[in-house]
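Heads up, the thing below is written out as structure tokens.
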Amino acid sequence: MLPLPNILTDQLGEKLFLRVQSVDLMKSKSGENRTEHHTDLYQSENCIIRRGQKFHILYTLSRPFNPNTDKLHLEFKTGPLPTVSKGTHVIIPLVEELKGNRWEAAIVSQTDKSIKLSVNSPASAVIGKYQVSVETSNSTKKSVFTHDSANDVYMLFNPWCKDDTVFMNSEDERNEYVLNEIGRIYYGTENQIGVRTWNYGQFDDGILAACIFVLEKSGTPPSGWGDPVNVVRIISAMINAPDDSGVVQGNWSGVYSDGNAPTVWSGSVEILKQYHKTSGKPVKYGQCWIFAGVFTTVLRCLGIPSRTVSNFSSAHDTDVSLTTDIYLDENLEPIEHLNADSVWNFHVWNDCWMARPDLPEGYGGWQAVDATPQETSQGTFRCGPASLAAVRNGQVYLKHDCPFVFAEVNSDKIYWMKNADGTFSQIYSEKKVVGHKISTKAVGSDERSDITHLYKHAEGTEEERIAVETACRYGSKAEAYSSPTAEDISVEVTMDGKDPNMGEDAELTITVQNSSSEQRNVFLHSQAAVMYYTGVHKATVRKDNTDLAMLPNEGGWMVSQQLSER
């Protein structure tokens, strides 16, 4: 028998060589991948899966697969420079049996020329958009079939997976903090709490692509996108615009003629789509609740449980003293250029849920993060994640940005008077004026949930005072805080009704109490001022000085002041 010519041998070998002809990612919203991965709500035709959980791919081949002679493996690549050692170029072998929590694939069914693969990813996999290819080979040749861009795979965090650091055990909480698209954001003052409905829209068409674009725009290496601590720090920086042309440009000036006033926005979708469409041009304009609303959208879209949080009487500590400091001259007049600290009527930020393997045990769970550009963290305008457990107990030495968050919710307000030699002495402190009625939307309802107890112990308790003292030992004024001083004179300011109405007079009552067994001579300096909700001083309305000679254990001294709008 004569041998076949080489050309016929090559043609026969080509015909018998195994090639991939088509792929089905089973990515329809009603398909098993999307429903089992809780991604069926995304208004997208892409394959969207969550890490740490198996998914399926159906390949049609040029001939039936023979496990004895044919070899096949998958490759997933993400980022501009996919690298095997950094987890951004993943080679997925074909194995006989899946073991879980690693990259692996196994044939679960075979029909003629098609095979169905079950693919596992580890619960620590890098999240983002992957390009997928499949390589077939034998002893002499190989072939690579690359999925087109329509068959890219989006990998998300997985709060349903116990091995994922964002795992959340409660189904009701997952439904609220991952799957709920409508939220409520609280504003105003602690005595007049207002609420606005916010459309997070994390599943709207184009939002997932916009969120991945935000990550890409950060310029950070995708190799770090498997760690939620790192990802929320990236997103915290990218939601604001000052140092990285992030999503929203802040504006507190009251002048918005070249953009939209912050009060115009009622949701995140238009903002994120505009940012993506313009290739990363910051959207004008936002304030704290806008930053927080958009932040919630991005985190929920990527699979990190999150919620929007409002803090009333929220301090802004500018010098890491962990106190809110007010400086007065010899005549008790404010020294404006020194008074950088402020107390906002309200401030809005976010909580996100994750384990913290980078911290000692016990500090996982809710973490505070803030995208409003107030102070820098490691050189960038961002804040968090700060463990609420650490904040509550004053353990501000734990990362990230616990000192700033602690001061927002539990700093003492310290008054300093200038001495003749230019130094300052502490003359008064207020211990219960910061961090009230910390609020978020309740799970499964539109009610307001007060979560103050998660951020701080009850005001005035021994635990709360210990937390303050612990925190201040690590502040920039540790030596000044705080030698015990007599606190037997108490002052309370009240007003009839709630907050003053626009255009109407307001009557304040100042009640002074001497709880000591000695007479006290009290100099009462009172000043009423108009401030923006951010705590920025606008104008002084009235000043008064009153001398009081108070007998031992005498109380009930009342000084009334009427403030008129004229």
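Source: prediction; values computed, not measured.
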Problem set entry | Backbone of K441 reached by a side-chain donor or acceptor of R184 within 3.5 Å | no
Problem set entry | D401 and R233 ion-paired at < 4.0 Å | yes
Exercise. Quick one: do the Y363 and N393 side chains pair a donor with an acceptor below 3.5 Å?
Worked result: no
Exercise. At their closest point, which heavy atom of G362 faces which heavy atom of A389, and how far apart are they?
Worked result: O-CB, 3.8 Å
Exercise. Which class fits the ring pair Y177 and W366: parallel under 30°, tilted 30 to 60°, perpendicular over 60°?
Worked result: perpendicular
For this session: Enter the distance from C472:SG to I414:CD1 here, rounded to the nearest 0.5 Å.
Result: 7.5 Å
For this session: Please name the pair of heavy atoms, one in H347 and one in S314, separated by the smallest distance, quoted to 0.1 Å.
Result: CB-OG, 3.4 Å
Exercise. Counting heavy atoms not belonging to E330, are there more than 12 under 6.0 Å from its CD?
Worked result: yes
Exercise. Say you draw a straight line from OG1 of T440 to CD of E176; how long is it, rounded to the nearest 0.5 Å?
Worked result: 8.0 Å
For this session: Determine whether W252 and Q287 make a side-chain contact, defined as any pair of heavy atoms from C-beta on separated by less than 4.5 Å.
Result: yes
For this session: Fit a plane to each ring of Y428 and Y415, take the angle between them on a 0 to 90° scale, and name the class: parallel (under 30°), tilted (30 to 60°) or perpendicular (over 60°).
Result: tilted
Problem set entry | E190 side, atom CD; N345 side, atom CG - distance, nearest 0.5 Å | 9.5 Å
Exercise. Is a donor on one side and an acceptor on the other found under 3.5 Å between the side chain of S306 and the backbone of C352?
Worked result: no
For this session: State, yes or no, whether a side-chain contact exists between L322 and F406 at a heavy-atom distance under 4.5 Å.
Result: yes
For this session: Spell out, as yes or no, whether a donor-acceptor pair under 3.5 Å connects the side chain of Q367 to the backbone of G365.
Result: yes
Exercise. Does N260 reach the main-chain N or O of Y256 with its side chain, forming a donor-acceptor pair under 3.5 Å?
Worked result: no
Exercise. T308 pairs by side chain to side chain donor-acceptor pair (under 3.5 Å) with which of Y200, W349, W198, Y186?
Worked result: Y200
Exercise. What orientation do W416 and Y327 show, parallel under 30°, tilted 30 to 60°, or perpendicular over 60°?
Worked result: parallel
Exercise. If we only count heavy atoms from C-beta on, is the E464 to K431 side-chain gap below 4.5 Å?
Worked result: no
Problem set entry | Validation row: P305, V166 side chains within 4.5 angstrom (heavy atoms) | yes
For this session: Verify whether one side chain among S170 and D172 offers a donor that lies under 3.5 Å from an acceptor in the other.
Result: no
For this session: Consider only side-chain N and O atoms of S429 and D412, and report whether a donor and an acceptor are under 3.5 Å apart.
Result: no
Exercise. Do the side chains of K284 and N251 get nearer than 4.5 Å, heavy atoms only?
Worked result: no
Exercise. Under 3.5 Å, is there a donor-acceptor pair between the T423 and D421 side chains?
Worked result: yes
Exercise. What's the verdict on side chain to side chain contact (heavy atoms under 4.5 Å, CB included) for H276 and K217, showing C-alpha distance, side-chain angles and the deciding distance?
Worked result: CA-CA 10 Å; H276 191 195; K217 185 74 165 51; over 6 Å; no
Problem set entry | Check: K456 side chain, V409 main-chain N or O, donor-acceptor pair, under 3.5 Å | yes
Exercise. Within the side chain of T452, is there an N or O that forms a donor-acceptor pair under 3.5 Å with the backbone of I438?
Worked result: yes
For this session: With rounding to the nearest 0.5 Å, note down the distance linking CG in D319 to CG in D317.
Result: 5.0 Å
For this session: Applying side chain to side chain contact (heavy atoms under 4.5 Å, CB included), run through D258 and Y285 and close with a yes or a no.
Result: CA-CA 9 Å; D258 60 339; Y285 287 106; 2.6 Å; yes
Seminar exercise, completed: Quick note, salt bridge (charged side-chain N to carboxylate O under 4.0 Å, His left out) partners involving residues 373-399, not counting sequence neighbours, are none
Seminar exercise, completed: Sorted by chain and residue number, the side-chain hydrogen bond (donor to acceptor under 3.5 Å, both in side chains) partners of N514 (sequence neighbours excluded) come out as S516
Exercise. With distance as the sole test, does D164 use its side chain to make a donor-acceptor pair with the main-chain N or O of P159 at under 3.5 Å?
Worked result: no
Exercise. Got V247 and V298 here, is their nearest side-chain heavy-atom distance under 4.5 Å?
Worked result: no
Exercise. Roughly how far, to the nearest 0.5 Å, is CD1 of I489 from OG of S515?
Worked result: 7.0 Å
Problem set entry | Nearest-0.5 Å distance that lies between atom CG in D351 and atom CG in D370 | 10.5 Å
Exercise. At their closest point, which heavy atom of F312 faces which heavy atom of K437, and how far apart are they?
Worked result: CD1-O, 3.3 Å
Exercise. Would a 4.5 Å heavy-atom cut-off, applied to side chains only, mark F213 and Y275 as touching?
Worked result: yes
For this session: Tell me, with the steps shown, if K477 and D325 meet salt bridge (charged side-chain N to carboxylate O under 4.0 Å, His left out).
Result: CA-CA 11 Å; K477 296 177 183 173; D325 299 300; 3.0 Å; yes
Exercise. Is any side-chain heavy atom of P360 closer than 4.5 Å to a side-chain heavy atom of L398?
Worked result: yes
Problem set entry | Flag, side chain of D329 to backbone of I335, donor-acceptor distance under 3.5 Å | no
For this session: Considering non-hydrogen atoms only, spot the tightest contact between I207 and Q202 and give its length.
Result: CG2-O, 3.8 Å
Problem set entry | Shortest non-hydrogen contact from R307 toward T296 | C-OG1, 3.9 Å
Exercise. Side chains of N419 and S425: do they bring a donor and an acceptor to under 3.5 Å?
Worked result: yes
For this session: Mind running side chain to side chain contact (heavy atoms under 4.5 Å, CB included) on Y455 and V405 for me, showing each step along the way?
Result: CA-CA 9 Å; Y455 276 87; V405 178; 4.1 Å; yes
For this session: Using a strict 4.0 Å threshold on nitrogen-to-oxygen distance, state whether R174 and E171 make a salt bridge.
Result: yes
Problem set entry | Within the 6.0 Å centroid threshold, strictly below: H316 and F404 | yes
For this session: Decide yes or no on side chain to side chain contact (heavy atoms under 4.5 Å, CB included) for L388 and I451, but give the supporting numbers first.
Result: CA-CA 11 Å; L388 264 59; I451 57 171; 5.6 Å; no
Problem set entry | Contacts of type side-chain hydrogen bond (donor to acceptor under 3.5 Å, both in side chains), residue R196, not counting sequence neighbours | none
Problem set entry | Minimum-distance pair of heavy atoms, taken over all atoms of F295 and N350 | CD1-OD1, 3.3 Å
Exercise. Has the side chain of S445 got a donor or acceptor atom that lies under 3.5 Å from a matching backbone atom of A442?
Worked result: no
